[in-house]
Amino acid sequence: MPKIQIAQEPAADELLSTDSFALLVGMLLDQQFPMERAFAGPAKIRDRFGTMDPVEIADADPESFADLCSTPPAIHRYGRSMAGRVQALAKVVAEEYGGDASRIWTEASSGADLMKRLRDLPGFGEQKAKIFVALVAKQLDVKPSGWTKVAGDYGKQGYRSVADVVDPDSLQKVRDFKKAAKAAAKAAKE
């Protein structure tokens, strides 16, 4: 896997670069939370739980797993709730993809198939799925036929989402883009 630099922490980014389930979990955690901290969450899980193996995470005691995810610094501002989502995601990856999250994107027959596979995952709505399609295309060079169509604006050049974060400068540009988009949406409502 190429070097991913979303978390802006060497150990966390190394995990995202070498563990497909960690990358998927980072995307799951990327909501209502700073993106670099969300993508640092999988490293916290691995360091506390001992592994990012989806089979082991799926089989973990839910209460104990929620405790380790919510212990400060938590994996997310809603650590206990997100622990349940991580376990639900791990269960799907374990049962449907033999524990190999990369099969979700490497075995997709088209962009539409990849989008469907992502939408079928717990915690992945339309927007999150589009962003992840763009992320695997832009950063992992996984570009099934029609990926740009399903990724929509996230597939375009620029700094629109976590898919475009490759260093501290691009992280700031994505933040600025999101801030401007929020301001424009608010102004449109008024």
Side-chain angles (χ1 to χ4, degrees), residues 1 4 6-9 11-108 113-136 139-140 150-151 154 161-163 165 171 174 178:
M1 282 174 88
I4 291 177
I6 299 170
Q8 308 295 306
E9 291 177 18
D13 283 330
E14 179 65 25
L15 182 63
L16 298 173
S17 299
T18 58
D19 186 309
S20 55
F21 184 64
L23 186 62
L24 196 63
V25 169
M27 188 74 230
L28 175 74
L29 297 175
D30 186 19
Q31 63 185 53
Q32 300 176 324
F33 200 56
M35 69 186 98
E36 70 277 15
R37 291 185 51 209
F39 279 87
K44 289 177 183 151
I45 293 171
R46 183 213 41 211
D47 293 349
R48 296 169 187 180
F49 188 66
T51 182
M52 277 304 293
D53 182 319
V55 175
E56 291 190 38
I57 290 173
D59 290 343
D61 172 68
E63 201 58 36
S64 298
F65 191 73
D67 287 346
L68 78 85
C69 288
S70 60
T71 299
I75 64 164
H76 191 276
R77 74 159 39 114
Y78 303 115
R80 295 191 78 75
S81 170
M82 284 300 183
R85 289 187 182 185
V86 169
Q87 284 194 286
L89 180 63
K91 185 174 167 72
V92 171
V93 170
E95 292 176 359
E96 295 180 25
Y97 296 97
D100 182 358
S102 71
R103 289 179 51 200
I104 296 167
W105 51 92
T106 60
E107 296 178 358
D113 182 39
L114 176 53
M115 186 69 170
K116 181 188 180 321
R117 288 165 175 248
L118 292 168
R119 289 295 315 273
D120 287 347
L121 297 174
F124 278 70
E126 183 85 12
Q127 184 174 352
K128 189 177 292 287
K130 285 180 176 185
I131 292 169
F132 200 77
V133 167
L135 189 147
V136 298
Q139 299 207 27
L140 304 182
V150 297
Y154 298 110
S161 73
V162 70
V165 175
L171 173 65
V174 169
K178 287 181 166 193

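All heavy atoms count here, side chains included; hydrogens, waters and symmetry mates do not. Residue indices begin at 1 and follow the sequence shown.
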At their closest point, which heavy atom of Phe49 faces which heavy atom of Glu56, and how far apart are they?
CZ-O, 3.6 Å

Is a side-chain donor or acceptor of Gln139 paired with a backbone partner of Ser17 at a separation under 3.5 angstrom?
no

Residue pair Val136, Thr106: steps toward the side chain to side chain contact (heavy atoms under 4.5 Å, CB included) verdict:
CA-CA 10 Å; Val136 298; Thr106 60; over 6 Å; no

Considering all heavy atoms, the nearest Pro54-Gly99 contact:
CG-O, 3.4 Å

Which heavy atom in Phe39 sits nearest to a heavy atom in Leu23, and how many Å separate them?
CE2-O, 3.8 Å

Supply the atom-to-atom distance Arg80 CZ to Ile75 CD1, rounded to the nearest 0.5 angstrom.
11.0 Å

Which residue pairs pass the side-chain hydrogen bond (donor to acceptor under 3.5 Å, both in side chains) test with at least one member in residues 87-100, sequence neighbours excluded?
Lys91-Glu95, Asp100-Ser102

To the nearest 0.5 Å, how far apart are CG in Asp30 and NZ in Lys128?
5.5 Å

How about Gln127: does its CD atom have over 12 heavy atoms from other parts shown lying under 6.0 Å from it?
no

How long is the span from the CG atom in Leu89 to the CZ atom in Phe124, to the nearest 0.5 Å?
6.0 Å

If we only count heavy atoms from C-beta on, is the Pro73 to Lys44 side-chain gap below 4.5 Å?
yes

Ignoring hydrogens, what is the shortest heavy-atom contact between Gln31 and Arg85? Give both atom names and the distance.
NE2-NH1, 2.9 Å

Tell me the closest heavy-atom pair linking Leu29 and Gly41, and the distance in Å.
CD1-CA, 3.9 Å

Min side-chain heavy-atom separation Tyr154-Leu135 under 4.5 Å
no

Checking Arg119 now: which residues fulfil salt bridge (charged side-chain N to carboxylate O under 4.0 Å, His left out) with it, not counting sequence neighbours?
Glu126

Please name the pair of heavy atoms, one in Arg48 and one in Thr71, separated by the smallest distance, quoted to 0.1 Å.
NH1-O, 2.9 Å

State, with a plain yes or no, whether a side-chain heavy atom of Val93 is found less than 4.5 Å away from one of Ile57.
no

Do Phe132 and Leu114 make a side-chain contact, defined as non-hydrogen atoms from C-beta onward lying under 4.5 Å apart?
no

To the nearest 0.5 Å, how far apart are CG in Leu121 and CG in Leu28?
9.0 Å

For the CE atom of Met35 and the CD1 atom of Ile131, what is their distance to the nearest 0.5 Å?
9.0 Å

Charged N-O contact under 4.0 Å between Arg37 and Glu9:
no

Does the side chain of Arg117 reach to within under 4.5 Å of the side chain of Trp105, using non-hydrogen atoms?
no

Just how far is it from atom CG of Asp113 to atom CD1 of Ile104, taken to the nearest 0.5 Å?
11.5 Å

